[in-house]
Amino acid sequence: PEKGKVYQEGELVPTEFLSLSEWMHQSTLFNVLREMSFFKNYLSSKIFTIWKGNVRYRMYVATRQRLIHNLFFAKPAYCDTLVNMNKYIYELTIQKA
């Protein structure tokens with residue numbers, strides 16, 4: 001880019017500009033890149049990926065809540081008893097061996 005100065009609100013401000021041929025070259029490259037499938041579909045695929053991640057997370061949270069609500073072994077009233085029963089059963093299997 002070439003450099004120059006321009007008046008803005010009464011002040012001389014430094015600026016950069018492109019020659020017409022350089023601008024045409026940059027514009028052509030930009031249009032070629034936009035036609036590539038990766039860049040053409042980038043925004044929609046990014047949004048879809050975020051949406052898919054949110055759906056998967058919501059399904060995970062719903063499953064976790066359902067398990068907490070319905071799973072017999074997760075009830076606090078039964079946990080200690082079940083752990084003790086498993087400990088006794090394990091001790092019995094060791095004594096038999």
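These numbers were taken from a predicted model, which means no experiment stands behind them. We're numbering straight along the sequence, starting at 1.
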Please output the side-chain donor-acceptor pairs of residues 39-50 that fall under 3.5 Å, not counting sequence neighbours, one pair per line with the distance.
residue, atom, partner, partner atom, Å
Lys40, NZ, Glu35, OE1, 3.4
Asn41, ND2, Ser37, O, 3.2
Ser44, OG, Asn41, O, 3.2
Ser45, OG, Asn41, O, 3.0
Ser45, OG, Tyr42, O, 2.9
Thr49, OG1, Ser45, O, 2.7

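Between atom CD1 of residue Ile94 and atom CD1 of residue Ile89 there is a gap of 12.5 Å, rounded to the nearest 0.5 Å. Here the straight-line distance linking atom CZ of Phe38 with atom CG of Leu33 works out to 11.0 Å at 0.5 Å rounding.
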Walk me through whether Leu92 and Tyr88 qualify under side chain to side chain contact (heavy atoms under 4.5 Å, CB included).
CA-CA 6 Å; Leu92 286 173; Tyr88 296 141; 5.5 Å; no
Worked check of side chain to side chain contact (heavy atoms under 4.5 Å, CB included) between Thr93 and Tyr90
CA-CA 5 Å; Thr93 57; Tyr90 178 73; 4.2 Å; yes
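Crowding of Glu91 atom CD: a count of heavy atoms from other residues, nucleotides or ligands under 6.0 Å exceeding 12.
Within the structure, the salt bridge (charged side-chain N to carboxylate O under 4.0 Å, His left out) test picks out no pair touching residues 55-66 (sequence neighbours left out). Screening residues 17-33 for side chain to side chain donor-acceptor pair (under 3.5 Å), with sequence neighbours left out, gives Ser19-Ser21, Glu22-Gln26.
Through ILVMFWY side-chain contacts below 4.5 Å, Val32 is grouped with nothing and stands alone. Grouping Ile, Leu, Val, Met, Phe, Trp and Tyr residues whose side-chain heavy atoms lie under 4.5 Å apart, directly or via other members, leaves Met85 alone, with no other cluster members. Cluster note: Val83 groups with no other residue, as no ILVMFWY side-chain heavy atom lies under 4.5 Å from it.
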